[in-house]
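From a predicted model like this one, the values you see are computed outputs, not experimental measurements. Residue numbers start at 1 and run along the sequence shown. What you see below is based on every heavy atom in this structure, not just the backbone, and it leaves out hydrogens, waters and symmetry mates.
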Amino acid sequence: VAETRNFLIVSVLDDVVSACRFWRYADGAFSLERTFQGEIGVVPGVSGVDAQESDAIWVTSDGYTKPPTLALADASDPDAQEELKALPAMFDAAGVKTEQHFATSADGTKVPYFLVMRADAPRDGSTPTILYGYGGFEVSLTPGYSGGVGAAWLEKGYAYVQANIRGGGEYGPSWHQAALKEKRHKAYEDFEAVPLRPA
């Protein structure tokens with residue numbers, strides 16, 4: 001949660017896609033004015049610059065193809081950002097795009113995953129793919145920048161898949177508890193359900 005002079009900003013995770021919801025206080029009540037999400041695979045974060053005096057906000061963001069970036073914006077129009085600083089790009093992300101899909105696990109549970117690859121890469125099962133997942137300790141595995149994955153894998157035209165298997169925290173405590181102890185096999189079934197080669 002962050003606040004500015006006129007807004008309360010709540011960061012949420014909706015189907016593993018990060019968003020910021022801007023609530024305005026007026027006439028004794030809060031009303032949802034807008035949701036700022038950005039593009040798939042980019043995680044935005046917001047904090048107030050001077051909550052007592054203005055609606056200026058710091059916006060931090062990063063994703064599979066975007067290095068950590070700091071921008072300045074106004075809570076009334078978070079899309080209009082003035083980029084101030086960014087870590088240097090560690091690989092050429094031109095033409096690489098991020099998609100989100102859902103696989104169906106053995107028990108019918110929908111398992112979200114992100115697919116990162118060149119838009120023009122073949123989708124006939126021939127593209128080499130790294131499949132990564134975690135599913136533990138109620139930790140949400142959200143998109144993040146990795147120079148190593150980008151330079152050693154994505155630049156070669158290969159694909160990277162990040163699966164949000166049960167055991168993590170992507171959907172709250174129940175998602176975590178669904179793969180504990182005698183149910184641990186469900187995390188492996190989730191992982192197995194995600195296609196290794198994008199088609």
Side-chain angles (χ1 to χ4, degrees), residues 1-27 29-102 112-121 132 134 139-155 159-162 164 168-172:
V1 176
E3 58 185 67
T4 70
R5 183 170 182 167
N6 294 297
F7 290 90
L8 180 68
I9 307 162
V10 180
S11 296
V12 297
L13 200 60
D14 187 5
D15 278 334
V16 204
V17 175
S18 298
C20 297
R21 295 186 179 154
F22 290 74
W23 295 80
R24 183 187 283 272
Y25 187 77
D27 301 322
F30 281 99
S31 61
L32 180 61
E33 188 161 295
R34 73 179 42 80
T35 297
F36 170 69
Q37 180 175 312
E39 60 189 271
I40 290 290
V42 175
V43 179
V46 171
S47 60
V49 174
D50 185 351
Q52 300 299 317
E53 299 297 328
S54 76
D55 286 322
I57 54 175
W58 300 114
V59 180
T60 56
S61 57
D62 78 316
Y64 298 114
T65 59
K66 179 179 184 175
T69 303
L70 174 67
L72 186 62
D74 192 279
S76 62
D77 187 10
D79 289 302
Q81 298 178 18
E82 176 189 353
E83 187 174 305
L84 302 175
K85 293 277 186 181
L87 289 180
M90 305 301 287
F91 65 96
D92 181 6
V96 178
K97 70 176 197 170
T98 301
E99 301 172 357
Q100 186 185 41
H101 300 280
F102 291 81
Y113 66 93
F114 291 97
L115 167 63
V116 188
M117 64 188 293
R118 292 189 55 82
D120 58 359
Y132 178 75
Y134 183 64
V139 173
S140 298
L141 193 58
T142 56
Y145 192 75
S146 169
V149 169
W153 199 252
L154 295 174
E155 272 192 344
Y160 175 77
V161 174
Q162 183 169 291
N164 299 105
E170 288 83 354
Y171 292 100

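A donor and an acceptor atom, one from each side chain of Asp15 and Tyr171, are located under 3.5 Å apart.
Note that NZ of Lys85 is 9.5 Å distant from CG of Leu70, once rounded to the nearest 0.5 Å. Rounding to the nearest 0.5 Å places CG of Asn6 at 9.0 Å from CD of Glu33. How far CD of Gln100 is from CG of Asn164: 7.5 Å, rounded to the nearest 0.5 Å. Interatomic distance, Ser54 OG to Arg5 CZ, rounded to the nearest 0.5 Å: 8.5 Å. Distance CZ/Arg21 to CD/Gln37: 9.0 Å, rounded to 0.5 Å.
Proximity of Arg34 to Asp79: side-chain heavy atoms (C-beta onward) are nowhere separated by under 4.5 Å. The closest side-chain heavy-atom distance from Leu154 to Tyr160 is below 4.5 Å. Using a 4.5 Å heavy-atom threshold, the side chains of Val16 and Tyr113 count as separate. Side-chain contact between Ile57 and Phe22: present, with at least one pair of heavy atoms (C-beta onward) separated by less than 4.5 Å. Using a 4.5 Å heavy-atom threshold, the side chains of Leu141 and Glu170 count as touching. Counting heavy atoms from C-beta on, the side chains of Leu13 and Ser140 come closer than 4.5 Å. The shortest side-chain heavy-atom distance between Met90 and Pro67 does not fall under the 4.5 Å cut-off.
Of all non-hydrogen atoms in Asp74 and Ala56, the two that sit nearest each other are OD2-N, 4.3 Å. Residue Glu83 comes nearest to Ala71 through the heavy atom pair CA-CB, 3.9 Å, listed as atom of the first residue, atom of the second, then distance. Pro78 approaches Ala73 most closely through the heavy-atom pair O-CB, 4.1 Å. The two residues Asp62 and Gly144 come nearest to each other via the heavy atoms OD2-CA, 3.7 Å. Taking each heavy atom of Ser61 and Pro44 in turn, the nearest pair found is CB-CA, 4.2 Å. The heavy-atom pair separating Ala119 from Lys97 by the smallest distance is CB-CD, 4.0 Å.
Within a 6.0 Å sphere centred on CD of Glu3, other residues, nucleotides and ligands contribute 12 heavy atoms or fewer.
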>> side chain to side chain contact (heavy atoms under 4.5 Å, CB included), that's the test. Do Leu72 and Trp58 meet it? Break it down for me.
In response: CA-CA 5 Å; Leu72 186 62; Trp58 300 114; 4.0 Å; yes
>> Under the criterion side chain to side chain contact (heavy atoms under 4.5 Å, CB included), I'd like the reasoning laid out for Asp55 against Phe7: C-alpha separation, chi angles, the key distance, then a yes or no.
In response: CA-CA 7 Å; Asp55 286 322; Phe7 290 90; 3.7 Å; yes
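Partner Tyr64 forms a ring-ring contact (aromatic ring centres under 6.0 Å, His included) with one of Phe114, Tyr132, Trp153 and no other, that one being Phe114.
Judged by distance alone, with hydrogens and angles left aside, the side-chain atoms of Arg118 form no donor-acceptor pair with the main-chain N or O of Glu155 at under 3.5 Å.
You'll find the ring centres of Tyr145 and Phe91 inside the 6.0 Å limit.
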